[in-house]
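Everything below concerns the one structure shown next.
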Amino acid sequence: MTTKREGAIEEVAVELDLTLEVLDPAGAICEAHASVDRDSRAGFLRRATVGGAALLGALSVVPSGSSQSAGDVDILNYALTLEYLQSAFYTEAERIRALRGNAREAAEVVGAVERAHVQALRTALGRAAVARPTFNFAGVTENQRQFLKTAVAFEDLAVGAYKAQAPRLKSKPILAVAISIHSVEARHAAWMRRLFGIVPAADAFDEPVSRPQATRIVASTGFITSSGKTERKAKPRFTG
Amino acid sequence: MAFDSRQSRSDLLQRAVVAGGALAAGGVVVAGLPTRASSAPSPAQDIRILNLALLLEHVEAAFYAEARAKGALRGELRTFAEVVGGHEQQHLAFLEKTLGGKARAKPKLDFGKATTDPDAFVAGALALEDTGVAAYNGQATNLTAGALAAAARIVSVEARHAAWIRSIVGKTPAADTTDSPLTEAQVLAAIRKTGFLRS
């Protein structure tokens, strides 16, 4: 967004592409379901908003083992990266407490939903999940107008990104979940747009945003300061 | 053809499917058959599904057009009816063009006071927009890739509409993690529940 970041764009873009590579295809998802221990799952269910449990349940019917396509894992990791970005953004805004009124409520509610999306995707991906990158929002969350403008950009981007990937998903259960997250992001986009003072739905048709384009847009913000890697530490054995 | 006569014809064909095990309907579009859980995508199925979407867009487009024509709404509700009505009209035109000769007929509609009374208008808009989201989401896995891409461009706009109208009346615009899908039968029931369809 600011010119001083332009020099770092290329570097961040390369890092982001590496973040989005498939690093542990196939069998990981099946293992992940076996390895999620009860305590963390219960913790997630307590924290998630109403639909969070349903989302987790929906993702748990994803076929396991060799029937899981590497392409789908790759797309889910891409979605996870965008959800990490959004969730970190709202979480920081809530923590910094610079927002007031309706914008503050929006950050809290939408943040909870994006955090639930992160948890659900991480659970579905298991060891194949890319780890959380580190972020620097450079004061954007400290100013209500900047916050809203950025939130609009993120949500509109998420809508376009999910939309572009949906037809490429092989698994029907994953497609069903992705398409139901996609419309939620669109609700968020309308919400943030109205708070920012622009029309919640500008056009009759929303267009897909290609992955290279989305990657460029995210990289250009400079918000991601280091890429995540695949989780390497061992998960606790299934205790249930 | 009126919605009613299509439904009775679909009843006959539904019995034929149960008895014969195969739907020998050629290019005929049949509304009202329940979608099987794992229906393989096909161009013929796309037509059925897009006609379900077309039914909804007919109702929405007419709803907002009448609200605009009657001119009773004020402020942001009026803006909403204008902007959203424009979108629904474009959705309608797109689906009719896509379906061509296979497009279902416009249903007979009666909106009562929902196009003039603000509370009734909000309730109607909310029901239609949320049903639209759930309808498209419910059929996503049954569509071919091309039809899915087209439906995806529409469903997110319906979701924006739904969040917008909630915002206007002070409800939380989006509290859920996912948007629940509806089956074809549930969508039809939801539309009938509005009371806007005249059989």
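Letters go in sequence order (proteins before strands), and every chain restarts at 1.
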Looking at B:D117, I'd like to know if its CG atom is crowded, meaning that more than 12 non-hydrogen atoms belonging to other residues, nucleotides or ligands lie closer than 6.0 Å. yes
Go through the atoms of [X] and report whether side chain, backbone, both or neither lie under 4.5 Å from a heavy atom of chain B.
X: A:V199; answer: side chain
X: A:R193; answer: side chain
X: A:D203; answer: backbone
X: A:E105; answer: side chain

Quick one: pull up CG in B:N142 and CG in A:L175 and give me the separation to the nearest 0.5 Å. 9.5 Å
Between atom CH2 of A:W191 and atom CZ of B:R160, what is the distance when rounded to the nearest 0.5 Å?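 Spacing of CH2 (A:W191) from CZ (B:R160) equals 15.0 Å.
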Between [options], the one whose heavy-atom pairs under 4.5 Å with chain B are most numerous:
options: A:A190, A:A202, A:A204; result: A:A204
options: A:E207, A:E114, A:R168; result: A:E207
options: A:A201, A:A164, A:A176; result: A:A201

What pair of heavy atoms forms the shortest contact from [X] to [Y], and how long is it?
X: B:N137; Y: A:I179; result: OD1-O, 3.5 Å
X: B:W164; Y: A:R194; result: CD1-CD, 3.9 Å
X: A:V184; Y: B:D176; result: CG1-O, 3.5 Å
X: B:A145; Y: A:P167; result: O-CB, 4.2 Å
X: A:K163; Y: B:R153; result: NZ-CA, 3.9 Å
X: A:A116; Y: B:T177; result: CB-CG2, 3.8 Å

Would you mind reporting whether A:K172 and B:P41 have side-chain heavy atoms less than 4.5 Å apart?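 Side-chain contact under 4.5 Å: yes.
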Less than 4.5 Å to any heavy atom of chain A: does that hold for the side chain of [X], its backbone, both, or neither?
X: B:F94; value: side chain
X: B:V157; value: both
X: B:E88; value: neither

Counting heavy-atom pairs closer than 4.5 Å to chain A, which one of B:L148, B:V83, B:V155 comes out on top?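 The candidate making the most pairs under 4.5 Å is B:L148.
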Are the side chain of A:H182 and the backbone N or O of B:S156 linked by a donor-acceptor pair below 3.5 Å? no
